[in-house]
Amino acid sequence: MEKESRPSWDNPMQFVLACVSYAVGLGNVWRFPYLCQMHGGGGFMIPYLIMLFVEGIPLFYMELAIGQKMRLGSIGAWSAISPYLGGLGIASVVTSLYLCLYYNVINAWSFWYLFHSFQAVLPWSDCPVNSNRTAYLEECEVATPTQYFFFRETLNISSSIDENGGVHMGLALCLLLAWLIVYLFIVKGVKSTGKVVYFTATFPYVVLIIYLIRGVTLHGALNGVKYMFTPKMEQLANPQTWINAATQIFFSLGLGFGSLIAFASYNHHNNNFENQAITVSLINSGTSIFASIVTFSIYGFKATFNYESCLERMRLLLMNTFELAEDTVHIDNISFWITDLNRTQPEQIAAIASRIETCSLEAELDTAVEGTGLAFIVYSEAIKNMPAAQLWSVLYFFMLLLLGMGSMLGNVTAIITPLRDFKVLAHSLSNETLNGLVCLFCLLLGFGFTTRSGNYWFTMFNEYGATFSLLFIVLLEIVTVSYIYGLKRFEKDIEDMLGRRPNWYWKIMWVAVSPLLLISLFVFYILNYIQGGAPTYQAWDKDVGRSVVKEYPVYGQVFITLLLVSSVSCVPLTALYAFCTRHQRGQFQTSIVQLNML
Amino acid sequence: MWTVWTVWMVWMVCLVPTTSEALCTEDDGYKVRLSIKTALGGDAYEWNESEMFFFKATLAFAMRTYSGGEQYDVSNILVCDETLRVSFVFVVTKPSNTSELVPRTEVENAIKKSRHRINSAFLLTDQTLDFVGINPTLAAPIQYDTPPWLIAFGVVMGLVCAGIVALLVSTFLNKKRSKKSADEEEAGRGNGILCESIRGKDGLFNQGLVDDDRLTKL
């Protein structure tokens with residue numbers, strides 16, 4: 001006799017697109033190409049695909065099954081499985097909260113760059129001049145214009161995490177806009193999210209295809225693509241390759257945040273999630289590979305451009321020093337000239353020796369970058385050299401925005417769905433108010449990331465806020481489902497929903513392979529953390545124009561520990577709480593029975 | 001006397017060229033480098049005597065503009081050390097006294113003032129027509145009344161706010177409408193006791209009673 005039945009997706013396609021929109025995010029664009037480059041190009045596909053089938057798809061399937069069966073958010077779902085494990089859901093919500101806080105800041109940066117693309121000359125293509133117009137600003141001279149624009153004009157970054165500055169007003173406005181858009185997309189819950197995902201899931205592919213065509217037609221793009229796909233098989237012997245493949249699959253699919261459980265809880269009971277799980281996982285990995293082709297063609301273009309600029313500089317140097325006619329020195333015969341001049345006029349060569357650079361295409365291609373550096377510095381540098389740069393810039397940052405927004409939808413839904421399951425909140429606050437309050441809360445805390453030292457806090461959250469807790473959460477999830485809830489019960493639930501039992505492949509994965517893999521990842525992570533010594537971060541040094549490594553101060557390290565412990569400790573604390581209250585309730589019930597018997 | 005005059009003439013004839021050569025040094029003047037082929041590629045012109053004459057004329061023009069009309073002429077620009085690179089050194093002599101040089105700073109300021117005209121005369125840029133030691137004045141940044149990013153931001157922000165307001169208002173109106181129709185429905189049921197008032201109590205919800213009501217109605 002419910003007054004209001006649980007809302008649901010209008011059709012299964014919306015659910016699939018929501019999962020795709022959530023899973024396909026910025027990590028596909030900026031982490032996977034980096035890993036590919038680090039671990040032997042084409043050869044990296046082998047551990048990546050193996051991990052996908054052994055770890056990614058089974059865990060994805062499991063989360064969808066839990067959500068669809070329990071028809072509750074993560075807290076409710078895990079409490080229903082076992083009252084002692086409600087903390088697992090709470091840990092997911094806390095981790096999602098941390099993610100929401102810092103992830104939308106990336107969207108704010110994307111907005112900033114997007115709006116700044118509507119100018120005749122892209123602001124990151126040239127250095128600004130100093131007051132008497134004799135030279136460029138010093139910080140921009142030692143760094144590059146794109147780095148200057150990112151670190152100085154976008155972030156206005158301070159030199160260490162200790163120096164807080166004021167809030168960067170432009171960035172704060174962009175963050176406000178980002179949260180307003182998130183609110184607009186989730187204000188009516190699944191009804192509004194379901195319509196939005198048609199666009200956020202599909203349009204990035206349109207842009208990627210456009211960029212693929214533009215990318216491979218750029219001068220020098222094929223150098224990059226060739227470099228990426230040349231497999232270096234010896235990397236397969238390196239255990240770090242396999243660990244990175246496993247963690248990449250794991251984080252890329254967005255397991256453990258509770259978003260998948262939340263999305264699946266709005267499904268109809270008999271929705272065929274098995275095929276959907278396989279589809280979404282394959283789409284996610286396919287997108288990673290597709291995006292890395294695009295990234296590497298852009299890399300190749302940028303590397304070739306830098307290499308040819310280097311050769312041009314050397315040509316000019318030789319012509320000017322030795323008064324050679326212009327058409328005698330070409331970029332092909334520079335090395336010939338240098339050896340010749342070394343023989344005939346060694347003293348003059350020695351005089352300019354400090355300015356002679358060895359130009360190497362390999363060295364340019366070897367500079368592997370990941371993360372925000374790739375997305376905002378390397379890519380914008382490549383874009384500014386393309387013809388019609390403003391158009392490509394707008395397209396690119398719009399795509400980044402869609403990818404980021406799509407993932408944010410999942411993150412915020414992971415927080416809101418469990419909250420709505422608490423009847424107290426659901427009855428006192430309407431859908432719109434609750435969603436608005438969550439967004440407002442995250443916005444206010446997110447302003448901390450727009451201060452001058454905000455980027456350092458962002459990096460801290462990015463590295464420590466979600467990684468360790470997720471491994472712990474998903475490990476506990478798979479152990480719970482396989483052993484505490486019981487594989488037999490789980491199989492029966494799936495048969496109830498799908499009409500058939502999962503075959504032996506899934507069962508082996510859930511019971512044996514995935515838990516073992518997760519335990520080993522967990523152990524490796526801890527070992528790495530302990531062996532790594534004091535945690536460090538990269539601070540921008542404006543005098544040198546580079547990032548330098550600094551150690552976190554004491555309060556920073558305490559905060560890191562707090563981040564790690566706060567989500568993980570929810571599990572034991574809730575279990576303890578459940579044990580105590582049950583114990584009390586148990587005593588109460590036995591006394592009632594005794595009274596009745598009298 | 002005639003012999004003295006001849007000797008003096010011969011001496012002058014021999015000395016003048018060397019004097020002008022002695023005047024033309026890089027310390028007193030500026031070195032210029034032209035990268036014509038880099039700038040113009042296929043449309044590059046040949047550097048020859050006429051081009052050099054043109055260059056001297058341009059420099060004389062620059063000196064005239066800077067000095068406010070002093071009669072600088074092509075003969076006041078002395079050029080030496082020409083190379084195949086297309087680079088050479090030039091000095092500027094005063095129109096009043098051809099053995100005296102114009103100070104370097106004046107020459108520098110004159111060139112800075114007319115740099116754009118000199119570049120355009122030769123279809124070159126600040127980078128391809130290089131006066132060694134004279135840094136080009138960099139282009140002033142474009143000043144906008146409103147930064148363009150703020151305009152784009154304003155547009156998007158306006159649209160989003162309008163969207164949110166529209167959604168919230170429509171939800172509110174829908175709720176009011178459904179509440180009104182629900183109230184009308186509730187009023188016409190059975191003995192007038194709303195189910196809501198019964199449900200809240202701790203007692204058991206007796207399904208049977210409600211069902212009977214419906215049957216009775218039939």
Side-chain angles (χ1 to χ4, degrees), chain A residues 1 3 111-121 123 126-137 153 169-170 173-174 176-185 187-188 191-192 312 315-316 318-330 390 394 401 430-433 436 439, chain B residues 31 33-41 44 47 81-88 112 127-128 130 132 134-142 144 147-172 174-175 182 195-196 199 205 207 210:
Chain A
M1 275 279 212
K3 217 182 166 188
F111 269 120
W112 174 266
Y113 270 81
L114 178 67
F115 294 145
H116 275 85
S117 307
F118 290 101
Q119 277 177 233
V121 174
D126 288 315
C127 277
V129 293
N130 62 15
S131 43
N132 47 5
R133 293 165 60 192
T134 47
Y136 296 119
L137 285 182
E153 300 202 14
M169 281 323 293
L173 284 175
C174 289
L176 172 67
L177 178 64
W179 274 111
L180 280 176
I181 292 187
V182 170
Y183 180 62
L184 177 67
F185 288 167
V187 65
K188 286 205 178 171
K191 287 298 169 200
S192 52
E312 187 60 35
R315 175 173 166 262
L316 204 63
L318 286 177
M319 280 195 326
N320 288 349
T321 319
F322 296 98
E323 309 290 1
L324 304 163
E326 274 184 280
D327 39 9
T328 52
V329 188
H330 302 290
Q390 291 85 354
V394 167
L401 262 176
S430 71
N431 222 358
E432 293 79 16
T433 323
C439 291
Chain B
K31 184 169 179 135
R33 288 198 194 113
L34 288 96
S35 312
I36 307 170
K37 293 201 174 64
T38 316
L40 301 170
W47 187 258
D81 290 349
E82 280 189 62
T83 65
L84 282 174
R85 165 73 178 83
V86 194
S87 73
F88 46 86
K112 271 191 180 164
Q127 282 73 41
T128 39
D130 188 17
V132 179
I134 304 181
N135 290 329
T137 314
L138 301 164
I142 315 172
Y144 297 104
W149 80 267
L150 214 49
I151 301 174
F153 171 80
V155 169
V156 178
M157 181 64 107
L159 288 172
V160 170
C161 289
I164 292 179
V165 165
L167 270 179
L168 290 178
V169 163
S170 72
T171 319
F172 182 66
N174 274 342
K175 259 199 208 136
C195 300
E196 289 304 305
R199 196 180 291 167
F205 190 94
Q207 290 272 3
V210 177

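All chains are named by letter (A, B, ...) in the order of the sequence lines, taking the proteins before the strands, and each is independently numbered beginning at 1.
Taking A:Asn320, A:Leu324, A:Asp327, A:Asp126 one by one and counting their heavy-atom pairs under 4.5 Å with chain B, the maximum is reached by A:Asn320. For the set A:Leu180, A:Thr328, A:Leu114, A:Val187, the count of heavy-atom pairs under 4.5 angstrom toward chain B peaks at A:Leu180. When B:Ile36, B:Ile151, B:Ile142 are compared by the number of non-hydrogen pairs under 4.5 Å with chain A, B:Ile36 comes out ahead.
Heavy atoms of B:Pro147 lying under 4.5 Å from chain A are absent altogether. Heavy atoms closer than 4.5 Å to chain B are found in both the backbone and the side chain of A:Glu323. Of the atoms belonging to B:Thr83, it is side-chain heavy atoms, and not backbone ones, that fall under 4.5 Å from chain A.
Atom CD1 of B:Ile164 is separated from atom OH of A:Tyr183 by 7.0 Å, given to the nearest 0.5 angstrom. With values rounded to the nearest 0.5 angstrom, B:Leu84 atom CG is found 15.5 Å from A:Phe322 atom CZ.
Nearest heavy-atom pair, B:Lys175 versus A:Ser430, reported as atom, atom and distance to 0.1 Å: NZ-CB, 3.8 Å.
Ring planes of B:Trp149 and A:Trp112: tilted class, angle from 30 to 60°.
We find that A:Glu326 and B:Arg33 are not joined by a salt bridge, their nearest charged nitrogen and carboxylate oxygen being 4.0 Å or further apart.
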